[in-house]
Amino acid sequence: MTYYRIERASDAESLARMASDTIAAQISLVLDQSDCCSIALSGGSTPARAYSFLGQDHLPWDRVDVFLGDERWVAADDDSSNARMLRRTLLADGPGRAARFHAVPTVELADAESSAAAFGDLVAQHCPGEPPVFDLMLLGLGDDGHTASLFPGTEAPTITDRWATVGRGKGLDRITLTAPVLSAARQVIFLVSGAGKQEALRRLVDPSESSERTPARLVQPASDVLILADQDATASL
Ligand SMILES: O=C(O)[C@H](O)[C@@H](O)[C@H](O)[C@H](O)COP(=O)(O)O
């Protein structure tokens, strides 16, 4: 059974700083013991401010392999691209721009299925193990209980024989890591902000909740899961 450790911030801005500091500390811990560190970051809107703070941190970024846990199947300059968001935050103009970012292949390939296959190969090339093991997995939580692009009522949450697959949510085709890869990470952190996430967060930590209704519950790493959340999101815990 997964144990969830919750750290609360008073508001979204202090949550962003807490997340940046926590991720930086985890990266430093890994790099104290290894030559490199592999991290998979969530997309969406919540983490952007944290990534801006993190990108200013003086870490040995040239030893950090940065991936996205999921990506919309759009061009890199599309407003909904998670890679675009990362390039405007973490990878923008601070020390973080030296990170080794490995974008998810999208529309340069013929279709989303080809992108998912290419992303699975890319991850397997950089992360050891079957499933591939990330040192750090930062995940968001949708108000419907999805994480990465494992949306309830779709096939993606059920895929366990591949490392990446095609997801679909909020009207977009997406490329996502599968549940086995999310769960294989050495450290999983959920970053959750806002009153709109209260019910999804309550369900995430409820041992009786089904993963069909709340696919984020599929993420079952061997280590404790850290939840960084603001007071608006944790009000019903
Ligand atoms: O590409 C994405 O959309 C994300 O990876 C997705 O899993 C996100 O983390 C949640 O949907 C929460 O999104 P918000 O942070 O925008 O609420």
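Note that the coordinates shown come from a computational prediction; the quantities given were computed from them, not determined experimentally. In what follows, residues are counted from 1 in the order of the sequence shown. Each ligand, and each atom within it, is numbered from 1 in the order the structure gives.
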Original post:
Going by an N to O cut-off under 4.0 Å, is there a salt bridge joining Asp173 and Arg168?
Top reply: yes

Subject >> Pair Asp93 + Arg97, salt bridge at N-O below 4.0 Å >> reply: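 Salt bridge: no.
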
When you measure from [atom] to every protein heavy atom, which one gives the shortest distance, and what is it?
atom: atom 10 (C) of ligand 1; answer: His146 NE2, 3.3 Å
atom: atom 3 (O) of ligand 1; answer: Arg72 NH2, 2.8 Å
atom: atom 5 (O) of ligand 1; answer: Asp70 OD1, 2.5 Å

Whether the side chain of [X] engages the backbone of [Y] through a donor-acceptor N/O pair (distance < 3.5 Å, no angle test) should be reported.
X: Asp11; Y: Asp230; answer: no
X: Gln198; Y: Asp232; answer: yes
X: Ser42; Y: Leu139; answer: no

Original post:
Can you find a heavy atom in the side chain of Trp163 that is under 4.5 Å from one in the side chain of Glu130?
Top reply: yes

Original post:
Do Leu228 and Thr22 come close enough that some side-chain heavy atom pair is under 4.5 Å?
Top reply: yes

Contact check: [X] vs ligand 1, nitrogen or oxygen atoms, below 3.5 angstrom:
X: Lys197; value: yes
X: Gly43; value: yes
X: Ser45; value: yes

Compare [options] and give the one whose heavy atom is closest to [atom].
atom: atom 15 (O) of ligand 1; options: Leu141, Ile175, Thr46, Leu41; answer: Thr46
atom: atom 7 (O) of ligand 1; options: Ala148, Ser149, Gly167, Gly196; answer: Ala148
atom: atom 13 (O) of ligand 1; options: Gly44, Ser81, Gly69; answer: Gly44

Subject >> Arg63 side, atom CZ; Cys36 side, atom SG - distance, nearest 0.5 Å >> reply: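 One finds 8.0 Å between CZ of Arg63 and SG of Cys36.
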
Original post:
Hey, is Glu71 touching ligand 1 through its side chain, its backbone, both or neither, going by heavy atoms under 4.0 Å?
Top reply: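 It is neither part, as no heavy atom is under 4.0 Å.
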
Subject >> Whether His126 and Phe67 hold their rings parallel, tilted or perpendicular, with breakpoints at 30° and 60° >> reply: perpendicular

Distance filter under 4.0 Å to [X] heavy atoms, resulting ligand 1 atoms:
X: Gly140; value: 9 (O)
X: Lys170; value: 11 (O)
X: Asn82; value: 1 (O), 2 (C)
X: Arg174; value: 1 (O), 2 (C), 3 (O)

